There are 2 protein chains.
Amino acid sequence: MQSVSKSTLKRLPIYLHYLKTLVPLDQQNISATQISQALGLGEVLVRKDLASISNGGRPKIGYEVHALIATLEDYLGVGKVSKAVIVGVGRLGQALMMYKGFGEFGLEIVAGFDVRPSPGVGGKPVYDVKSLSSLLPQMGASIGIITVPAAVAQDVADELIRAGVKGIWNFSPVHIVVPQAVAVKNENLAASLAVLSKQIK
Amino acid sequence: MQSVSKSTLKRLPIYLHYLKTLVPLDQQNISATQISQALGLGEVLVRKDLASISNGGRPKIGYEVHALIATLEDYLGVGKVSKAVIVGVGRLGQALMMYKGFGEFGLEIVAGFDVRPSPGVGGKPVYDVKSLSSLLPQMGASIGIITVPAAVAQDVADELIRAGVKGIWNFSPVHIVVPQAVAVKNENLAASLAVLSKQIK
DNA sequence: CCGTATTCGATAAAAACATATCGATACACG
DNA sequence: CGTGTATCGATATGTTTTTATCGAATACGG
């Protein structure tokens, strides 16, 4: 139960998701070897990752599936739902608002903001972006998702921070500068793509 | 001009995008210091990245903007357009089909496939997924983008590979197993989110 | 009840990556 | 024409992450 590295943290949700697929199969136990093969990771890596959060498996048996799931969910804070708002309800923003998969990891998107307000997307309201600073505090959202064009991404980020968000998930293709107290995750799709293209050569 | 590490490769498109914003400003030269400040990266890191692809900058002056852009574009293969198809035209798939930013990095999405064909999204046709193996070869697409539910992601990947794609961009929340000859980039949004949530604590 | 195969956990080695330091170069300015 | 300063490139150091190795523990078969 020591500290968890950033790269380990990235894999934990993947383990969790995989383990959940085992539940319907009534498999009680799972070995690190088995996990590593299913996910295409190194065997030792998996064991090390699991060691950092779980309280151990048993030789010849492996880890107890349900206990491991519970540990992972607890660690990742599933259940303690974080609320988020999306700024920029274009195609990508809409897609994220409709996306079902976030609930599994404890995120609830409560509203959207856009220059063009609309009655609602996926049952959630879309307000005028001008009212962001006034509405956001009472929503209790701690995460801001940025899906606006590159030109205004930094402005939106600044405004979100001023309104009190603790974390920013940035889908625009520019790097965003923030105070140290705020966490940022850049999700530059165009960059990811370039990496893939290059690998293909 | 040595080999380029994976993490460097991830940053190159970011540099490229930033440099392009300088063109309208008629700025002839740019220093690594300036880039590092604008993007929030280490100064030395930027210099090292650029050294690995460019043929050098000049002290007191910096790098020549246009030459650097040309070098980056050449290295990243912009111009040599790769074609891609999207399998799974739900909300996320639609968003990607509409997204304008990919062209900048040399990707053209030529068609979509779904269990429910539709007349077209963003001017691109959406075919029945059953006809994937017959239509894909004549399209000349080398990249397959997977935006289907987790349960069928592996099946779709297998079929894409059988149809001859060289790379897969996987947006489903499961890890996909592929032969070594095929490049995969997993874009697990739920996992990214978990990392962000955890950072906020 | 004992040997064997499997699996865990810990330590050590290796690799990848980021950061720091330093001399060299080229322009600016007096 | 010399000095100062900004900036590059290279080397070195430190950190993080992955991979390899080894002993110990435990269930299962005989």
Side-chain angles (χ1 to χ4, degrees), chain A residues 1-15 18-19 22 27-65 67-68 71-72 175 180 184-186 191 195 198-199, chain B residues 1-15 18-19 22 27-65 67-68 71-72 175 180 184 186 191-192 195 198-199:
Chain A
M1 295 261 188
Q2 59 256 32
S3 67
V4 173
S5 82
K6 206 169 142 197
S7 19
T8 294
L9 186 51
K10 267 190 275 189
R11 287 185 295 265
L12 295 182
I14 302 175
Y15 297 142
Y18 172 66
L19 290 172
L22 297 177
Q27 184 172 348
Q28 291 299 316
N29 299 293
I30 179 108
S31 72
T33 312
Q34 203 176 339
I35 296 177
S36 75
Q37 279 167 0
L39 300 181
L41 302 169
E43 177 180 342
V44 188
L45 184 57
V46 173
R47 210 169 282 139
K48 198 159 159 288
D49 284 345
L50 295 183
S52 65
I53 56 134
S54 95
N55 29 30
R58 284 157 59 205
K60 187 76 177 179
I61 297 295
Y63 300 84
E64 212 267 296
V65 174
L68 198 49
T71 306
L72 278 167
H175 197 97
Q180 263 211 325
V184 184
K185 184 93 175 69
N186 289 292
V195 175
K198 193 67 199 173
Q199 280 176 349
Chain B
M1 294 259 193
Q2 60 253 30
S3 68
V4 174
S5 83
K6 207 170 141 196
S7 21
T8 294
L9 186 51
K10 267 191 277 189
R11 286 185 294 266
L12 293 183
I14 302 174
Y15 298 141
Y18 172 66
L19 290 172
L22 298 177
Q27 184 172 350
Q28 290 300 315
N29 298 295
I30 179 104
S31 72
T33 312
Q34 205 176 338
I35 296 177
S36 75
Q37 279 167 1
L39 300 181
L41 303 170
E43 178 180 341
V44 188
L45 183 59
V46 173
R47 210 169 281 138
K48 199 157 157 287
D49 285 345
L50 295 184
S52 64
I53 56 136
S54 95
N55 29 31
R58 285 155 61 203
K60 187 78 179 177
I61 297 294
Y63 301 85
E64 211 269 296
V65 174
L68 197 49
T71 306
L72 278 167
H175 198 96
Q180 262 210 324
V184 184
N186 289 293
S192 295
V195 175
K198 193 65 200 177
Q199 281 177 351

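Numbers restart at 1 for each chain; the letters A, B, ... are given by sequence-line order, proteins then strands. These numbers come from a predicted model, not from an experiment.
Taking atom CG on B:L45 and atom P on C:dA16, their separation rounds to 17 Å, with Å as the unit. The separation between B:E43 atom CD and D:dC8 atom P is 7 Å, rounded to whole Å. Taking atom CD1 of residue A:I61 and atom C1' of nucleotide D:dC28, one finds them 9 Å apart after rounding to whole Å. The CG atom of A:L41 sits 9 Å away from the P atom of D:dT18 (whole-angstrom rounding). Rounded to an integer number of Å, the gap from B:D49 CG to D:dG9 P is 12 Å. Atom C1' of nucleotide C:dC8 and atom CG of A:L50 are separated by 11 Å, given to the nearest angstrom. With rounding to whole Å, A:K48 atom NZ is found 19 Å from D:dC22 atom P. Atom-to-atom, CG of B:N55 to C1' of D:dC8 comes out at 14 Å; the value is rounded to the nearest Å.
Here the side chain of B:Y63 is nearest to one of C:dT7, D:dG9, D:dT17, namely D:dG9. In this structure, the nucleotide among D:dT7, C:dC8, D:dA10 sitting nearest to the side chain of B:V44 is D:dA10. For A:K60, counting side-chain heavy atoms from C-beta on, the closest listed nucleotide (D:dC8, C:dC17, D:dA27) is D:dA27. Which of C:dC17, D:dC8, C:dA10 sits closest to the side chain of B:S7 comes down to C:dC17.
A donor-acceptor pair is defined here as one N or O able to donate and one able to accept, closer than 3.5 Å; such a pair exists between the side chain of A:T71 and the backbone of A:A67. A donor-acceptor distance shorter than 3.5 angstrom exists from the side chain of A:S36 to the backbone of A:T33, with no hydrogens or angles considered.
Between A:R47 and C:dG9 there is no side-chain polar atom (N or O) within less than 4.0 angstrom of OP1 or OP2. Within the structure, a side-chain polar atom (N or O) of A:S5 is placed less than 4.0 Å from OP1 or OP2 of D:dT17.
Summary of the strand contacts: A:R11 and B:G57 both lie near DNA chain D, and taking for each the nucleotide with the nearest heavy atom, the more 5' one is attributed to B:G57.
The residue B:R58 sits close only to the backbone: its heavy atoms come under 4.0 Å of sugar-phosphate atoms, none of a base.
Other residues, nucleotides and ligands contribute over 12 non-hydrogen atoms within 6.0 Å of the NZ atom of A:K185.
For the residue pair B:Y15 / B:D49, a side-chain donor-acceptor distance below 3.5 Å is found, with atom types taken as modelled.
Looking only at side-chain heavy atoms (C-beta outward), A:K6 and B:K198 stay at 4.5 Å or farther from each other.
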